[in-house]
Amino acid sequence: MRKLILMALVASALLFASCKQKQPDSVVLITDEELLGTTLANPVVYDMVIKNANPEDDWAEENLRNLDREKLLTIIFDAVYAERLIAYDFFTDEPLKVTDIRKLEKEADFSRDKIGKLQFEEEWAFDENTLQLQKKVKSMLLAYEVFNTAGELRGYKPAFYVKLN
């Protein structure tokens with residue numbers, strides 16, 4: 001667990017450092033052929049909290065200030081419903097049908113508003129000539145909050161994951 005937290009902190013630091021440069025207007029997906037440099041991790045898997053469970057946590061609020069969480073989730077769900085992305089069951093790796101996702105959205109303990117964590121599977125390569133870290137996102141898992149009887153956040157439950165091209 002400590003290694004996972006350390007990896008997340010390192011990744012956050014790298015992302016933060018890269019934010020100081022002018023960012024492109026859009027994200028460009030890198031195909032296998034375009035990923036240049038020395039492969040550092042294939043895959044690397046890490047979690048990212050996208051909903052601050054504690055509004056008094058200024059650090060989390062600061063880190064999430066530019067994230068349009070609702071838009072991201074709408075894009076993913078719309079792509080699944082349009083069958084442009086296939087949702088997969090986290091535990092079985094079996095593809096889910098659109099009807100399975102509709103059923104999930106009707107469950108009492110689920111709502112899109114409760115999705116508070118993503119888990120990414122990525123390939124990382126470092127180009128030593130340009131000193132650039134390249135990342136290819138292979139899959140993204142959506143996880144929603146689970147609360148105990150006292151209403152406190154107990155953890156996260158996987159909803160589904162999608163493979164990205």
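Numbers for residues simply follow the sequence, beginning at 1.
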Once rounded to the nearest 0.5 Å, what's the spacing between atom [atom1] of [X] and atom [atom2] of [Y]?
X      : Y      : atom1 : atom2 : answer
Lys135 : Phe120 : NZ    : CZ    : 7.5 Å
Asp127 : Thr130 : CG    : OG1   : 3.5 Å
Ile101 : Ile76  : CD1   : CD1   : 11.5 Å
Leu104 : Asp109 : CG    : CG    : 8.5 Å
Glu122 : Leu164 : CD    : CG    : 10.0 Å
Ile75  : Leu73  : CD1   : CG    : 9.5 Å

Can you tell me if [X] uses its side chain to pair, donor with acceptor, with the backbone of [Y] under 3.5 Å?
X      : Y      : value
Asp57  : Asn54  : no
Arg69  : Ile115 : yes
Gln134 : Leu36  : yes

Should the ring pair Phe77 and Phe160 be called parallel, tilted or perpendicular, given that the plane angle runs from 0 to 90° and is split at 30 and 60?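 Aromatic pair Phe77/Phe160 classed perpendicular.
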Salt bridge flag under 4.0 Å for residues Arg112 and Glu105: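 Result for this pair is yes, salt bridge flagged.
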Give a yes or no on whether a salt bridge exists between Glu145 and Lys51, defined as a side-chain N under 4.0 angstrom from a carboxylate O. yes
Should [X] and [Y] be counted in the same cluster of Ile, Leu, Val, Met, Phe, Trp and Tyr side chains packed under 4.5 Å apart?
X      : Y      : result
Leu72  : Val162 : yes
Leu118 : Leu67  : yes
Tyr156 : Leu64  : no
Trp124 : Leu141 : no
Leu133 : Tyr46  : yes

Side chains of Asp47 and Gln119, donor plus acceptor under 3.5 Å: yes
Lys138 and Asn42 side chains, donor-acceptor separation under 3.5 Å: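 Yes.
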With sequence neighbours excluded, what pairs up with Glu152 under the salt bridge (Lys or Arg N to Asp or Glu O under 4.0 Å) test?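 Salt bridge (Lys or Arg N to Asp or Glu O under 4.0 Å) list for Glu152, sorted by chain: empty.
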Tell me, please, which residues at least two apart from Lys114 pass salt bridge (Lys or Arg N to Asp or Glu O under 4.0 Å). none
Using the test side chain to side chain donor-acceptor pair (under 3.5 Å), find all partners of [X] that sit at least two apart in sequence or belong to another chain.
X      : answer
Lys117 : none
Asn52  : Glu61
Arg154 : none

Are Thr74 and Glu70 packed together at the side-chain level, in the sense that at least one heavy-atom pair is separated by less than 4.5 angstrom?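 Touching, per the 4.5 Å side-chain cut-off.
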Heavy-atom distance under 4.5 Å between the side chains of Tyr81 and Arg102, does that happen here? yes
Chi angles and distances behind the side chain to side chain contact (heavy atoms under 4.5 Å, CB included) call for Leu131, Phe126: CA-CA 7 Å; Leu131 300 177; Phe126 190 78; 4.0 Å; yes
Could you tabulate the donor-acceptor pairs under 3.5 Å formed by side-chain atoms of residues 82-96, not counting sequence neighbours?
unit_1	atom_1	unit_2	atom_2	d
Asp89	OD1	Phe91	N	2.8
Asp89	OD1	Thr92	N	2.8
Asp89	OD1	Thr92	OG1	3.3
Thr92	OG1	Glu94	N	3.2
Asp93	OD1	Tyr161	OH	2.8

Smallest heavy-atom separation, Pro55 atom then Ala53 atom, equals CD-O, 3.7 Å
